[in-house]
Amino acid sequence: MDLTGKKVKIKAKGKIFEGIVMPSVTGSLVLKLDNGYNVGFFDYEILEIEEIEKIESKTSLTKNPELPDVKIISTGGTIASKVDYKTGAVTSQFTAEEIVGDVPELAEICNVDAELLYNILSENMNVKHWIELARNVYSALKKYEGVIITHGTDTMAYTASALAFMISTPKPIVLVGAQRSSDRPSSDAAMNLICSALTATSDLGEVVVVMHATTSDDYCYIHRGVKVRKCHTSRRDAFKSINFIPLGKIDYMKRKIEWFVQDRFKRGERELELKDKMEEKVVLIKFYPGLKPDILEYYYGKGYKGFVLEGTGLGHVSTEWIDVIKKISEDCLIIMTSQCIWGRVCDRVYDTGRYLLKAGVIEGEDMLPEVALVKLMWLLGNYDLEEAKKYVKENLVGEITQSTKYWESMLSFFNSKNK
Ligand code: ASP
């Protein structure tokens, strides 16, 4: 019988071992123990082997009337994954109930209802998923005190931005993921999930991303959903607030939130509202030296209505692009952002920038290119061109930091708190 991937109990070497059977190339049986270590057995060493039944979820279904109700919507990603011992690859395969069952501490913070909406890796998300998810979250917010979305980390910031623009929320909407799947000893899944539950039951009223703040299991940051980026491929503290500071941090051991930003949306401050139309014919183009403006004409010819340019430095593309920009900006919207990531676009300093502004480019202030992309999809989906144009430079949900001076004072406060 092939026991690969099954949980078994083995009597061998004078002891009892429990773990998951891994594929073995040597022919001997390799068991992954709960502590993450592997043990190998030759056939002749195994006295008894027994498949262990699936352990039932430890989550109590009885509600604690003292605790708030929270909905967890699972969309897939590493947080819902485990190693497929048949292929050796990490795949999305946990249901929402299983995720919750694995973290019984959640029951001390809130009453959880879980739902599996998708079981996909987040690189497979698209605008249609964002819209369906937004509708789902919107209905959940009518009933629950907060919503947690478990999500793949790769495109979590895009989804966070999409939800931030689509839903005016009076309650916390928390996106959470994991860099290491929960069957690995170094998994960050449980701590991130516990911190996300503390955030979902807090006095917040906006869309945030909650992930490890450091590489240790000490605290998580609460990042504003429209100001965050995944900045590392594999580290557990991969998420950073960009041109902003985290709204707060959560002490994992003390289960306590310390807020850094007082100027945040609070619970009950906004009315619940959903504006879920998105214009999909919007594109993000990264400029590099020598790139021809033909790319703009190509998309324009395909009916695209919105262009986000990821320009150089303060917000530039080659002057060769000016004529095409002038032509298409008559019935399209073109936003300039920067490849620098940090800082603000300013097209009034150099000649090129001034020509671009005259040709119809709008400065994207200090928005991340991907946030500007999602904002433009939402603006063009819900407003006419003139209105949408007006809103690009307006700070709608915290996507634009009001001034460089304000940002610098925030940063020095943040640094003094994190010495
Ligand atoms: N590729 C995965 C995803 O974004 C990575 C992760 O979940 O962390 O779904």
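Read the numbers this way: they start at 1 and go in the same order the structure lists the ligands and their atoms.
For the pair Thr153 and ligand 1, the shortest N or O to N or O distance falls below 3.5 Å. Checked against a 3.5 angstrom limit, the closest N/O atoms of Lys230 and ligand 1 fall outside it.
If you number the atoms of ligand 1 from 1 as listed, the ones under 4.0 Å from a heavy atom of Glu123 come out as 1 (N), 2 (C), 3 (C), 4 (O), 9 (O). Which parts of ligand 1 touch Leu121 is read off a 4.0 Å heavy-atom cut-off, strictly below it: atoms 9 (O). Listed by number with element, the atoms of ligand 1 under 4.0 angstrom from any heavy atom of Thr78 are 5 (C), 6 (C), 7 (O), 8 (O). Ligand-side atoms of ligand 1 in range of Gly77: 7 (O), 9 (O), range being under 4.0 angstrom from any heavy atom.
Using a non-hydrogen distance threshold of 4.0 Å, Ala178 registers as a contact of ligand 1.
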Can I get a per-line list of side-chain donor-acceptor pairs under 3.5 Å for residues 132-149, giving both atom names and the distance, sequence neighbours left out?
| unit_1 | atom_1 | unit_2 | atom_2 | d |
| --- | --- | --- | --- | --- |
| Glu132 | OE1 | Tyr118 | OH | 2.4 |
| Arg135 | NE | Asp276 | OD2 | 2.6 |
| Arg135 | NH2 | Asp276 | OD2 | 3.2 |
| Ser139 | OG | Arg135 | O | 2.9 |
| Tyr144 | OH | Asp113 | OD2 | 2.6 |
| Glu145 | OE1 | Arg267 | NH1 | 3.4 |

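For the pair Lys249 and Tyr221, the cation does not sit on the ring face, since its NZ or CZ is not both under 6.0 Å from the ring centre and inside 45° of the axis. By the 6.0 Å and 45° rule, Arg229 does not stack over the aromatic ring of Phe239.
Protein heavy atom at the shortest distance from atom 9 (O) of ligand 1 is Ser122 N, 2.7 Å.
In terms of modelled atom types and a separation under 3.5 Å, the side chain of Trp130 and the main chain of Ala160 share no donor-acceptor contact.
Pairs of residues two or more places apart, or lying in two chains, that qualify as side chain to side chain donor-acceptor pair (under 3.5 Å) and include a residue from residues 299-313 are Tyr300-Asp331.
Below 30°, between 30° and 60°, or above 60°: for Trp407 and Trp342 the angle between ring planes is below 30°, a parallel geometry.
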